[in-house]
Amino acid sequence: MDYQFRDIEKKWQQFWAEKKTFKVAADASKPKYYVLDMFPYPSGAGLHVGHPLGYIASDIFSRYKRLKGYNVLHPMGYDSFGLPAEQYAIQTGQHPAITTENNIATYRRQLDQIGFSFDWSREVRTSDPQYYKWTQWIFMQLFNAWYNLETDKAESIDTLSSHFSQHGSTSVKAVCDEDVLTFTAAQWNAMDEADKERELLKYRLTFLKESTVNWCAALGTVLANDEVKDGVSERGGYPVEQKKMMQWSMRITAYADRLLQGLDSIDWPEPLKEMQRNWIGKSTGASVKFNVEGSDKQIEVFTTRVDTIFGVSFLVIAPEHELVAELTTAGQKQDIEDYITVTKKKSELDRMADTKTVSGAFTGSYALNPLNGAKIPVWIADYVLAGYGTGAVMAVPSGDQRDWLFAKHFDLPIIRILDAQQNIEEAADSTKEGVYVNSDIINGLTYKEAIATLIQRLEELGMGKAKIQYRMRDAIFGRQRYWGEPVPVYFENGLPRLISEDELPLLLPEVDKYLPTEDGDPPLGRAENWKYKDTYSYELSTMPGWAGSSWYWYRYMASQEERAENAFAPKEAIAYWKDVDLYIGGSEHATGHLLYSRFWNKFLKDLGYVTEEEPFKKLINQGMIQGRSNFVYRVINEDGVGTQLFVSHGLKDQYKTSPIHVDVNIVDNEVLDLEKFRKFRPEFEHAEFILENDRYICGVEVEKMSKSKFNVVNPDDIIERYGADTLRLYEMFLGPLEQSKPWNTNGIEGVFKFLRKFWKLFHNDQLEFTVSEEAPTRAELKSLHKIIRKVEEDIERFSFNTSVSSFMICVNELNELKCNKRAILESLLVTLAPYAPHITEELWALLGNEAGTLSFAAYPTFNPDFLVEDEFAYPISINGKMKMNLNIPLTLEVPDVEKFVLANDAVQKLLDGKSPKKMIVVKGRIVNIVL
RNA sequence: GCUCGGGUGGUGGAACUGGUAGACACGCAGGACUUAAAAUCCUGUUCGCCUUACAGCGAGUGCGGGUUCGAUUCCCGCCCCGAGUACCA
């Protein structure tokens, strides 16, 4: 029979599903391996050809690991809470649960067609109450915890309140709000419950905090910063105002240092780790207080260069700084107000366009250097950000370029502080070399000595201390949306209380419309009679998109049967599967999902629920698949109106044309199908063409894949035409997994042909299945063992494209050798099985093996003996230029190779009578003759 | 601006620790089979020069230098493309 991919693929997909081939269970007799894909949000558009790229790679890896004897956990699920379903609900009134359900069905159908070896019995959906029950449960654990800096981990809030009742607030080292109270044990015990609760909230790992949000009344929602452009919403262009509201927050900053340290222990792409490092933004320095002349106020600054403190010639505070009004003298009032007005306008425009301009205003006040009492003017300027550090900096023009520019512009002094500083009249010099000058107590000291001396002095004076500053902020956790997890909290006298654990899950209530209420409450405010114990108001915001995805890999560890148990995953399962060995997904989640997941994981570990400090040991980013748009060129007539004439790409410059997107599915290798084009849109029905070489060649451009650009390629179409095995191989063949690349089907024929050739190795010319039991020849064994080794090496370094090429080479070689020997083909088949599971299952069965056992067959053992050569065609180069090849026995050692080469006539001819100055011989590699 | 990727034929890409640049595939050209087409198979295909041909010569991995017997690979400087980030004190 010929290669009937449609029948074969359907048959085996059904087989795997019915026999539950890929259902796994913890098995202590086998080493575990956990391969995870970032689960998709099931959008209405379905899968396009870019989605499965990572899934195919992880599936190949999973199947390979099974062949290598591992017990492989390879699950899939859906991140099914999210905005598009809600947006659709607002427009159509359809419940997002229904939309989501339908979309999931489409995704599942599409995924099944590709032949993945997922254990679907472990599927998760974040919007499933049985799943979000545990998302809510984790929220409750966070609420019931504080971060003890003494033990450097999260602990139950009970240990904190018992500490308070025994020792008061002194000696507590915690990550907490800034406005915590100081009290004795007696004072604590005398407080009423509400006050205690209020105080504890300042320590909890999830807590209420007043935050400023981008409120869009027209859309009835809060927008993320990147959804706001030029002060209006990106979608729709509605006005956006800053609104203060109480929001749930997560104290991720408590974990800042562990999140940073942990990066060194995991095998992730360096750019990704770098992004997380920058996001966390740790800087080590000192905070220093400056007294204000004629005032009891102090200005606190953060600096990473406290050693430059004697070079400070002015302070700069952010225009939004709380002391601005107080520090402004009557004479400067106008200047300051004008400046603030300008700044405000500027931030509404594009502030980033303006990083070079120096601007600022003098407040009229002076601060005093805490170490030498020097009088330094206080300025405001928008280059100081209110949100970072203390919103105030000490300016050292000789060492910092921004300060230097500012000093030059406003004619402020530039003080030299290190003898190694050069040309400070032309630019700042931030060196730490040399010894200090003009620097009072640190004169003559080096950088290291100076820092220690100054910190000690500042601490003695009570005017400063060493400090570590992070850029990362606590994460806002509330969303004013409907389609998300309800927060398991109700309010009693304005104080948040958790519902009890046995009341979980707190179900998402029904609402009449998915819009905010008239008073601006989130959609949950519309739910009727939705009260805790019929009395107390529930929290009306829902959790953000990242909540459900911050722990889902643990839920997969629980089998279907175990999910009824009262835990997010059974202890034994967590002890067995531990962590994710390989995680594949896009780099766009670098500072969102991947950071929050690490945070929750560390928290769960602190409480003893999980065993590993880091959840994802190894991570690979798959590149994005971009769209590849095709264009036709419509000729424009003298009046500038489009005609019915279209000119081929190569001739378009001879005409006045306008490019029009054309559906990539009616273009093959840039050649337009003219008939299909006439049917593409009614207006093209009578289209005429100017051809080149009898064909219409389309133009090409790489753009995002989107419907409007007619460049979306659906995997279903590819599977229909070539089959899933071809799709799998082709997506890998396209190039390195981690590289972004445009999708084009130009090479897919080659992959399909390869599979047919592979099929034909097992068949005679009449396409009858025939394999020989003869012993293989040396050449055949060599070909086989080359591929055995190559595929092993390639898979381990995620170089899937090169193994596909190598398979092609191997099949070409065996074809040449007319090899149909079982001993060779059966082993080759196993190596190919992870890439093309359907065709190999079929042939495996035809070879007489028990159906379905291929998935757990043994990967063939590489034997290097078969690759040993006794001769090598040495490239002979002269002065590094390759001239010829010469077969030389590999038994010859270097001096003999030299003799052998020089004895050769052709070599002598190349030497042209000259005698070599030198000869380089690398055994088994190269001969280079230097003349 | 900073940080990180990346620039190799007409195209996607290969070349593992410096050692035959362009594997494999697409496309293209020519040929075989066929009444014809599709499918399949074979040959050629980096560029330039030279030659009837066999062959030969030269250049060549973004650009300019360097190290080396030898550089796509290492070093220095520059250009271009992509991603992230945005005055972080």
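In what follows, chains are A, B, ... by sequence order, proteins preceding strands, each numbered from 1. Side chains are part of it too, since the values below use all heavy atoms of this structure and drop only hydrogens, waters and symmetry mates.
B/U8 and B/C47: their C1' atoms are spaced 14 Å apart (whole Å). Of the C1' atoms belonging to B/U85 and B/C26, the separation is 39 Å, rounded to the nearest Å. Annotation: B/G62 and B/G6 have their P atoms spaced 13 Å apart (nearest Å). Spacing between B/C41 and B/G48 at atom C1', rounded to whole Å, works out to 33 Å. On the P atoms, B/G10 is 14 Å away from B/C63, given to the nearest whole Å. B/U61 sits 14 Å from B/G22 when the P atoms are compared, rounded to a whole Å. Going from the C1' atom of B/G30 to that of B/C24 covers 22 Å, rounded to whole Å. Of the C1' atoms belonging to B/G7 and B/G60, the separation is 15 Å, rounded to the nearest Å.
Distance A/Ile748 CD1 to B/G27 P: 12 Å, rounded to the nearest Å. Between A/Leu755 atom CG and B/A25 atom P there is a gap of 13 Å when expressed in whole angstrom units. Separating the CG atom of A/Leu729 from the C1' atom of B/C26 is a distance of 16 Å, rounded to the nearest angstrom. Here the P atom of nucleotide B/C57 and the CD1 atom of A/Ile878 are 10 Å apart, to the nearest Å. One can place CD1 of A/Ile309 at 17 Å from P of B/A89, the figure rounded to the nearest angstrom. Remark: C1' of B/A71 and NZ of A/Lys881 are 11 Å apart, rounded to the nearest angstrom. Distance A/Met884 CE to B/A55 P: 15 Å, rounded to the nearest Å. Atoms CD1 (A/Ile787) and P (B/A23) sit 17 Å apart, rounded to a whole Å.
An OP1 or OP2 oxygen of B/A23 is reached within less than 4.0 angstrom by no side-chain nitrogen or oxygen of A/Ser806. In terms of phosphate contacts, A/Tyr388 brings a side-chain nitrogen or oxygen within less than 4.0 Å of OP1 or OP2 of B/A89.
Taking the ring centroids of A/Trp743 and A/Tyr730, they lie under the 6.0 Å cut-off. Aromatic rings of A/Phe807 and A/Tyr835 (six-membered ring for Trp) have centroids within the 6.0 Å cut-off, being under it. Proximity of the aromatic rings of A/Phe758 and A/Tyr3 is defined here by a centroid distance below 6.0 angstrom, and this criterion is not met. Ring centroids of A/Phe406 and A/Tyr383 are separated by less than 6.0 Å, placing the two rings close together.
Base-pair partner of B/G82: B/C4 (Watson-Crick or G-U wobble, both distances under 3.5 Å). For B/U11, the paired base is B/A25 (Watson-Crick or G-U wobble, both distances below 3.5 Å). Across the strands present, B/U72 finds no partner; the criterion is a Watson-Crick or G-U wobble pair with both atom distances under 3.5 angstrom. As the counterpart of B/U67, no nucleotide is assigned, since no Watson-Crick or G-U wobble pattern has both distances under 3.5 Å. Pairing for B/C33 is absent, judged as Watson-Crick or G-U wobble with the two contacts each under 3.5 Å. Across all strands shown, B/C87 forms no Watson-Crick or G-U wobble pair with both key distances under 3.5 Å. Under the Watson-Crick or G-U wobble criterion, with both distances below 3.5 Å, B/C50 is left unpaired in every strand shown.
Contact annotation: the side chain of A/His321 never approaches that of A/Ile380 to less than 4.5 Å [non-hydrogen atoms, C-beta and beyond]. With a 4.5 Å cut-off on side-chain heavy atoms, A/Leu458 and A/Pro370 count as touching.
Nucleic acid contact class of A/Asp403 (heavy atoms, under 4.0 Å, all strands): none.
A/Lys741 has no carboxylate O lying under 4.0 Å from a charged side-chain N of A/Glu731, or vice versa, which leaves the two without a salt bridge. A salt bridge between A/Lys408 and A/Asp403 is absent, with no side-chain N of the basic residue lying under 4.0 Å from a carboxylate O of the acidic one. Note on A/Glu869 versus A/Lys782: salt bridge recorded, some NZ/NE/NH1/NH2 to OD/OE distance being below 4.0 Å. A salt bridge is defined here as a Lys NZ or Arg NE, NH1 or NH2 lying under 4.0 Å from an Asp or Glu carboxylate O, and A/Arg789 with A/Glu792 fails to meet this definition. Salt-bridge annotation for A/Lys432 and A/Asp307: absent, with no side-chain N of the basic residue lying under 4.0 Å from a carboxylate O of the acidic one.
When each of A/Met275 and A/Val930 is assigned the nucleotide of RNA chain B with its nearest heavy atom, A/Val930 is the one assigned upstream, toward the 5' end.
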Review item, nucleotides 36-45 of chain B N/O atoms under 3.5 Å of protein N/O:
none

Treat primed atoms plus P, OP1 and OP2 as sugar-phosphate and everything else as base, then score nucleotides 3-22 of chain B 5' to 3': B for base contact with protein heavy atoms under 4.0 Å, S for sugar-phosphate contact only, - for none. SS-------BSSS---BBS-
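Nucleotide B/G9 carries a syn base; the chi torsion (O4'-C1'-N9-C4 or O4'-C1'-N1-C2) is within 90° of 0.
Between A/Phe302 and A/Tyr388, the angle of the ring planes goes over 60°, which puts this pair in the perpendicular group of the 30/60° scheme.
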